[in-house]
Each structure stands twice: as C-alpha cells, then as structure tokens.
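Reviewing the structure listed below.
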Amino acid sequence: MTTAHRRRSYGVKGAPYGFLLPATILFALFFALPIGYAVWLSFHKVHVSGLGLGSGARKEVWAGVENYTDAFTDSELLDGALHVLGYGCIVVPVMLGLALLFALMLDSDRVRLAPFTRLAIFLPYAVPGVVAALLWGFLYLPDVSPFYYVLEKLGLPQPDLLDGGPLYLALSNIAIWGGTGFNMIVIYTSLQAVPAEVYEAAKLDGATPLQIALRIKIPMVAPSLVLTFFFSIIATLQVFSEPTTLKPLTNSVSTTWSPLMKVYRDAFGAGDVYQAAAEAVIIALATLVLSFGFLRGANRRNKQEAAR
C-alpha cells in the first residue's frame with residue numbers, strides 16, 4: 001500500500017471522529033465541565049478565620065460529605081421534595097391522559113379540521129413557561145380575574161386557588177396546559193406510523209372504534225407513552241419557573257417550595273454555593289435513578305410480553 005493510499009485510508013477512518021469533535025467539545029465545555037465543577041464544589045466549604053476580614057481570612061477547605069449530610073437532614077429540602085411529589089401525582093397522569101385522549105381523537109376518521117385542532121392543542125407549548133405562569137397567575141387573582149367576576153355575578157363560590165391545597169391544582173394546571181400539546185404530538189406521530197391495514201383488519205373482524213383504540217392503538221403506541229412519561233418525570237422533578245413566578249402573587253409559595261428553588265435560594269440568596277452544589281447533585285442523582293429505574297422496568301416488561 002502506497003503512502004497516498006494509507007493517508008486516504010486514515011482520512012476515511014478518522015472522518016466520523018472529525019464530525020463528532022465539535023459536538024464533543026461543546027458537550028465537555030457546557031455539560032460535563034459544569035457538572036464536574038458542581039461535584040467538586042459540593043465536597044468543599046469556606047472556612048472563616050476570626051471576623052472574616054483581610055486577605056486569607058476566608059479559605060476554601062475540604063468538607064467531605066458534610067454538605068450532603070446537611071442536605072439530607074434539611075427539613076426545607078425534604079418539604080420541597082414532598083411538594084414536588086404531590087405536584088407530580090397530579091401533573092403526570094392528567095397530562096399524559098389528556099395527551100393520549102387528544103391523540104386518539106385526532107387519529108379518528110370522524111375528526112374535522114384536524115390540522116387546526118392539532119395546532120390549537122400544541123400552541124400552548126410554544127408559550128414560554130414564565131409567560132404562561134404570569135398569564136395564569138393573574139387569572140387566579142380575585143381582583144383582576146374575569147373568572148371570579150363571572151362567579152360573583154352568578155352567586156357561586158370563589159375559591160382562592162393560590163392558598164392551601166388548591167395551590168397544587170393551580171400550579172399543576174399551568175404545567176398541564178403547557179405540556180399536553182407536546183406529548184400529544186409525540187403520541188399522535190406514533191399513531192400515524194401504524195399501518196392502515198391493521199385497522200382495516202380489525203374493522204373486518206367487527207371491532208368497534210373503542211375496541212380498536214383500547215386493544216390496538218394504545219398497545220402500539222406504548223413506547224411513545226414510556227418516552228413521554230420519562231420526559232414528564234424529569235420535568236416534574238425540575239419544576240422551578242411556575243412556583244417562582246407565582247411567588248410574588250401569594251404568601252403560600254415560599255422560597256424553598258421546590259428543591260430547585262431551595263438550591264437557587266442557597267446559591268444566590270444565602271451565598272452558599274457549596275451547599276447548593278450538594279443539593280443540586282442530590283437532585284440530579286434522584287432524577288437519574290428514578291428515570292433509569294422506570295426505563296429499566298418498562299424494558300423488562302416489554303421483554304416479558306414479547307416472550308409470551
């Protein structure tokens with residue numbers, strides 16, 4: 001083999017790595033490096049000597065697992081986790097249930113104006129989360145909301161959605177309104193990939209539209225349901241913008257209502273980036289364990305069904 005042939009062979013073999021290099025560099029700079037730095041910070045703390053004045057009075061020292069111990073025993077972080085748990089128990093099933101229902105309706109032969117309806121359902125997802133939270137927040141306020149005006153004229157009760165238990169419903173409504181359209185598109189796209197011959201064979205066997213939906217369509221889109229559930233879990237554990245945006249409108253939302261709000265408060269309010277880094281690492285690990293645990297369980301169930 002000549003030198004030119006060798007260079008050409010090496011060039012062909014190295015081409016994939018050349019294409020991957022820009023993405024690898026960006027991944028390392030903006031994803032891997034910040035994560036590594038956060039982990040490094042979580043094992044350190046600031047040691048203050050004397051009054052903390054002068055050069056060398058504040059030193060960064062090794063803290064071991066002290067920050068993690070403080071995080072696991074922090075009642076505010078635990079309360080935030082309970083808030084997110086209650087929030088997720090409402091958001092995930094309702095949002096995915098509505099997304100599946102809308103996808104099945106749009107996939108029906110009897111639906112009219114399907115492109116317009118599909119766009120109308122998806123459109124709230126295009127609204128930024130902060131804007132959506134502000135929009136709904138003012139609709140929840142009794143003094144400015146048109147809904148409360150109508151309820152008052154009709155003589156009906158006017159519940160305060162920004163206080164107590166209804167607060168969970170108010171926050172969940174924002175997430176459901178914004179996320180249903182995206183999940184609907186994922187499920188609807190999966191339904192469009194099902195061969196039409198499958199539906200025709202079911203109709204020839206006398207299956208009703210409801211039976212086709214329950215026994216054919218939903219099982220066929222099970223992978224899409226798993227994917228949307230996976231994304232929904234991650235989004236629920238990382239809830240931040242909705243309660244943060246509604247906080248100025250009510251006293252029921254504290255600065256530590258969710259775990260991410262606790263991280264933000266400790267990092268930028270209290271100035272303790274080391275404790276905030278430990279809390280962020282814990283949240284990331286919890287998200288990783290729950291997400292991959294769910295995926296592993298779903299894959300195991302699929303293998304068992306395929307073996308049958």
Side-chain angles (χ1 to χ4, degrees), residues 26-89 91-92 129-130 133 162 167-168 171-172 174-175 231-294:
L26 292 175
F27 176 84
L29 289 177
F30 298 102
F31 191 81
L33 187 61
I35 291 178
Y37 184 57
V39 173
W40 185 84
L41 285 175
S42 67
F43 289 104
H44 290 77
K45 66 177 183 179
V46 172
H47 177 71
V48 180
S49 301
L51 298 177
L53 303 176
S55 60
R58 301 173 63 90
K59 295 181 180 180
E60 190 177 78
V61 297
W62 176 261
V65 296
E66 181 180 341
N67 292 326
Y68 290 94
T69 303
D70 293 341
F72 281 114
T73 57
D74 192 333
S75 60
E76 292 182 334
L77 186 64
L78 297 177
D79 290 342
L82 293 177
H83 291 158
V84 169
L85 178 62
Y87 169 83
C89 289
V91 170
V92 175
V130 176
L162 296 178
L167 178 63
Y168 285 91
L171 291 170
S172 300
I174 299 173
F231 288 152
S232 299
I233 289 178
I234 296 176
T236 299
L237 293 175
Q238 297 179 352
V239 59
F240 177 80
S241 62
E242 291 88 352
T244 301
T245 306
L246 291 184
K247 183 184 176 303
L249 305 179
T250 175
N251 294 325
S252 298
V253 180
S254 65
T255 56
T256 59
W257 190 89
S258 72
L260 278 187
M261 293 177 67
K262 175 72 163 56
V263 173
Y264 182 86
R265 198 279 307 272
D266 288 345
F268 301 102
D272 191 354
V273 295
Y274 306 96
Q275 182 66 34
E279 294 166 352
V281 171
I282 292 174
I283 296 172
L285 291 176
T287 305
L288 184 68
V289 170
L290 290 176
S291 302
F292 280 93
F294 169 75

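Position 1 is the first residue of the sequence, and the numbers go up from there. None of these values were measured; they are calculated from a predicted model.
Here the shortest heavy-atom pairing between Val263 and Ala280 reads CG2-N, 4.0 Å. Of all non-hydrogen atoms in Leu167 and Leu162, the two that sit nearest each other are CD1-CA, 4.2 Å. Here the closest heavy-atom approach between residue Tyr168 and residue Tyr87 is recorded as CD2-N, 3.9 Å. Residues Tyr68 and Ala278 come closest through the heavy atom pair CE2-O, 3.8 Å. Of all heavy-atom pairs spanning Pro34 and Ala28, the tightest one is CD-O, 4.3 Å. Val253 approaches Pro243 most closely through the heavy-atom pair CG1-O, 3.4 Å.
We find the OG-CD distance between Ser172 and Glu242 to be 9.5 Å, quoted to the nearest 0.5 Å. In this structure, OH on Tyr274 lies 11.5 Å from NZ on Lys45, to the nearest 0.5 angstrom. The NZ atom of Lys59 sits 14.0 Å away from the NE2 atom of His44 when rounded to the nearest 0.5 Å. Going from atom OG of Ser254 over to atom CG of Asp79 covers 8.5 Å, rounded to the nearest 0.5 Å.
A tilted orientation is assigned to the rings of Tyr264 and Phe268, their planes being inclined by 30° to 60°.
Using a 4.5 Å heavy-atom cutoff, the side chains of Ile174 and Leu246 are in contact.
With hydrogens and angles disregarded, a donor-acceptor distance shorter than 3.5 Å links the side chain of Ser258 to the backbone of Val239. In this structure, Ser42 contributes its side chain and Val39 its backbone to a donor-acceptor pair below 3.5 Å. No side-chain donor-acceptor contact under 3.5 Å links Thr250 to the backbone of Lys247. Thr287 places no side-chain N or O within 3.5 Å of a backbone atom of Ile234 that could act as its donor or acceptor partner.
Applying side-chain contact (heavy atoms from CB on, under 4.5 Å) to Leu285 and the options Val281, Ile283, Ile282 leaves one that passes, Val281.
Every pair passing salt bridge (Lys or Arg N to Asp or Glu O under 4.0 Å) that includes a residue from residues 269-281 is listed here, sequence neighbours excluded: Lys262-Glu279.
Under the rule for a ring-ring contact (aromatic ring centres under 6.0 Å, His included), the partners of Phe27 that lie at least two apart in sequence or sit in another chain are Phe31.
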- Going through the checks in order, is the side chain to side chain contact (heavy atoms under 4.5 Å, CB included) test met by Asp74 and Asp70? CA-CA 6 Å; Asp74 192 333; Asp70 293 341; over 6 Å; no
